[in-house]
Amino acid sequence: MSSTVFRPAAHAIAPTVAAILAASAGVMLLASGATPSEPTRFLLLLAFAPDLLIEISHFFSSILGLVLLLLAFGLRARLGAAWWAALIVLGASAVLAIFKGLNWEETAMLLVCFFVILPFHDAFPRKAALTKMEITPGWLLSAAAAIVGASVLGWWSFNHTEFADKSWIRILQDHDEAARAIRSSVAAAIVLLGVGVWRLIATAATPPVVDDTDPEFDRVRAILAKAEGAEPSANLALLGDKRFLFSASGETFLMFGVRGRSWIALGPPVGKREERMELFWRFRELADAHAARAGFYGLGPDDLPDTVDLGLAIQKTGESAAVPLEAFSLVGRRREVLRRNWRKAGEGGAAFEVLPVGAAPTMMDELKSISDSWLSHHAGGEKSFSMGGFDPRYVAEFPVAVVRSEGKIVAFATLWTTAAKTAFSMDLMRYSDEAPKNVMDYLFVELLQWGKDEGYSAFEFGVAPLAGLQDRPLAPIMSRVGRLLYERGEEIYNFQGVRRYKDKYDPVWQPRYIAAPQKWAIPFLLADIGLLSSGGVSGLAKRPKKLPEKAAT
């Protein structure tokens, strides 16, 4: 009973404990290699051990100490290869400690570390190779500090023992012990320098942007076509402006954008559920290796446990609306205005149709004309990254819902569908000046009915930015500022109008979050997301017009 209760908790803390033990053992080996051996034991060792074995043990103990310091980074990151390597290095170091100077206490402590770590193989599930371990600059600096500290300890030891009355030159000339200590410390320093140079050369470069000319783009399409549990917004991967990390199986991806020092993942990984955490960690480690701010934007409630495991700070950014299609109906007084607007548009000659994938190119010029007309009334231009823009190649990737009036297309919406049909949404929604007054209500109602007929469970209405943030004395400062902006910032963006318009459809509201390793980095990440989505400072500086409520989507 007790083992059943405590084993999950032990597995949860095992990576941290293993990292501490490995780092402590590494520091102990570095200090031991830099300090003189106990004379009586060393003379006893000389009686039965050859000099070469003693030299080798002393030399490699310090190097293995450095290796343990570096492996502590991999243990903390739950790497299975780091677990195996740590056991091998601890075992080898325990043997070498005997031939270094009969240091049985050191051997005992190394074996304790070995046997503490041994039972917890399952706590290190990540499969990345040690050569792929992105050792951070801070970790390298810590290892360098340990070597310097061990060297200073060695210098102090040799100046406060039997060698104290001799110069360092005489000590090096007359005593192998001091030369042996210096060689081991210098060897560890050289190895660390080599690791640092390797990190500069071998660290993976920033993954390039993948567009439709890249063979990897077909992998993205294939994953989206069968990814169960993917949200409609995962289709932003086809925009052609994203960078990607793929899982080892090639069946899961994480998309992200880079601006300056900000690396921003858009949504959770898409594909196999069991491969999500691996990609979350790889992205964070890769960003850290490039000294970048890692951010995860557009996360939902189901992603929060993963962000906690990643040790991230979380901030709510708004709420997304989803309309359950099974329960949606135009019946009732609450739907009276919506029902009237839909009926008037239909009686005025509006007709709805969904063009399948591949049909849009035949009428792309007509769609572009509508898009250009719509853009002429909306400041800010085309968007990117977290929002789609009109690009013929991108539009052709999706089904397109069109509204015709007198046989002419007057409005259209590109549809984001999902493989499991859990939900669908729309990306671009644009209309011309000739469109009926209530064209948006008409289009939404028809889309909801189409989705219901196609077997979708819900329609995603998108995010209402800053909605649902709390302005309470103990609320986070960013929540309080966001709430103030939501209530007083209508000249900047129609925050409340967006929320009111979507509320007409009685959606289920769910929070959306951004996560980052440090809370203070979140405002910088949000600023860079705005710049990525708006095409830079020039695009962001174009203040959007305050739209009427009927157009606020």
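Positions are given from 1 along the sequence.
Using a cut-off of 4.0 Å between Lys/Arg side-chain N and Asp/Glu carboxylate O, Glu319 and Arg499 are scored as salt-bridged. A salt bridge links Glu382 with Arg430: the distance from a Lys NZ or Arg NE/NH1/NH2 to an Asp or Glu carboxylate oxygen falls below 4.0 Å. A salt bridge is absent between Asp528 and Arg261; no separation between the charged side-chain nitrogens and carboxylate oxygens falls under 4.0 Å. Between Glu353 and Arg404, at least one side-chain N (NZ, or NE/NH1/NH2) sits under 4.0 Å from a carboxylate O, which counts as a salt bridge. With salt bridges taken as basic N to acidic carboxylate O contacts below 4.0 Å, one links Glu397 and Arg221. Taking the charged nitrogens against the carboxylate oxygens, Arg282 and Glu285 have no contact shorter than 4.0 Å, which rules out a salt bridge.
For Asp453, the CG atom counts as densely surrounded, since its 6.0 Å shell holds more than 12 non-hydrogen atoms of other residues, nucleotides or ligands. More than 12 heavy atoms of other residues, nucleotides or ligands sit less than 6.0 Å from atom NZ of Lys452. The environment of Lys421 atom NZ is dense: over 12 non-hydrogen atoms of other residues, nucleotides or ligands sit within 6.0 angstrom. More than 12 non-hydrogen atoms from other residues, nucleotides or ligands lie less than 6.0 angstrom from CH2 of Trp450.
Aromatic ring pairs are classed by plane angle as parallel below 30°, tilted from 30° to 60° and perpendicular above 60°; the pair Phe424 and Tyr456 is tilted. Under the 30°/60° scheme for interplanar angles, the aromatic rings of Trp263 and Phe283 are found to be tilted.
Checked against a 6.0 Å centroid threshold, the rings of Tyr513 and Tyr297 do not count as neighbours.
Side-chain contact check for Glu460 and Trp416: no donor-acceptor pair (N or O, by modelled atom type) lies under 3.5 Å. In the model, Trp281 has no side-chain atom that pairs as donor or acceptor with a side-chain atom of Asp309 under 3.5 Å. If you check the side chains of Asp241 and Tyr394, you find no donor sitting under 3.5 Å from an acceptor. Side chains of Glu231 and Thr418: a donor-acceptor N/O pair is absent below 3.5 angstrom, by distance only. Looking only at atom types and distance, the side chain of Arg512 has a donor-acceptor partner in the side chain of Ser320 under 3.5 Å away. Side-chain contact annotation: Ser432 with Ser373, donor-acceptor N/O pair under 3.5 Å absent.
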Checklist entry - Are Val354 and Val400 close enough, and set up right, to give a side chain to side chain contact (heavy atoms under 4.5 Å, CB included), and what steps lead you there? => result CA-CA 6 Å; Val354 174; Val400 179; over 6 Å; no
Checklist entry - Checking side chain to side chain contact (heavy atoms under 4.5 Å, CB included) for the pair Phe398/Leu238: CA distance, chi angles, key distance, verdict? => result CA-CA 10 Å; Phe398 309 107; Leu238 300 178; 3.9 Å; yes
Next on the checklist: Would Leu224 and Asn235 count as a side chain to side chain contact (heavy atoms under 4.5 Å, CB included) here? Give the steps.
Outcome noted: CA-CA 7 Å; Leu224 285 170; Asn235 287 285; 4.2 Å; yes
Next on the checklist: Please evaluate residues Asp306 and Arg276 with respect to the criterion side chain to side chain contact (heavy atoms under 4.5 Å, CB included), reporting the C-alpha separation (whole Å), side-chain torsions for both, the decisive distance (0.1 Å), and the verdict.
Outcome noted: CA-CA 9 Å; Asp306 290 339; Arg276 284 163 46 104; 3.0 Å; yes
Checklist entry - Could you go step by step and tell me if Glu336 and Arg339 meet the salt bridge (Lys or Arg N to Asp or Glu O under 4.0 Å) rule? => result CA-CA 5 Å; Glu336 183 177 353; Arg339 185 169 61 247; 5.3 Å; no
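Evaluated for a ring pair (Phe, Tyr, Trp, His ring centres under 6.0 Å) with Phe444, the options Tyr505, Phe328, Phe352 yield exactly one hit, Tyr505. Partner of Ser249 under the side chain to side chain donor-acceptor pair (under 3.5 Å) criterion, out of Lys272, Glu274, Glu275: Glu275 alone.
Using a 4.5 Å heavy-atom threshold, the side chains of Tyr442 and Asn341 count as separate.
Of all heavy-atom pairs spanning Val220 and Ala237, the tightest one is CG1-CB, 3.6 Å.
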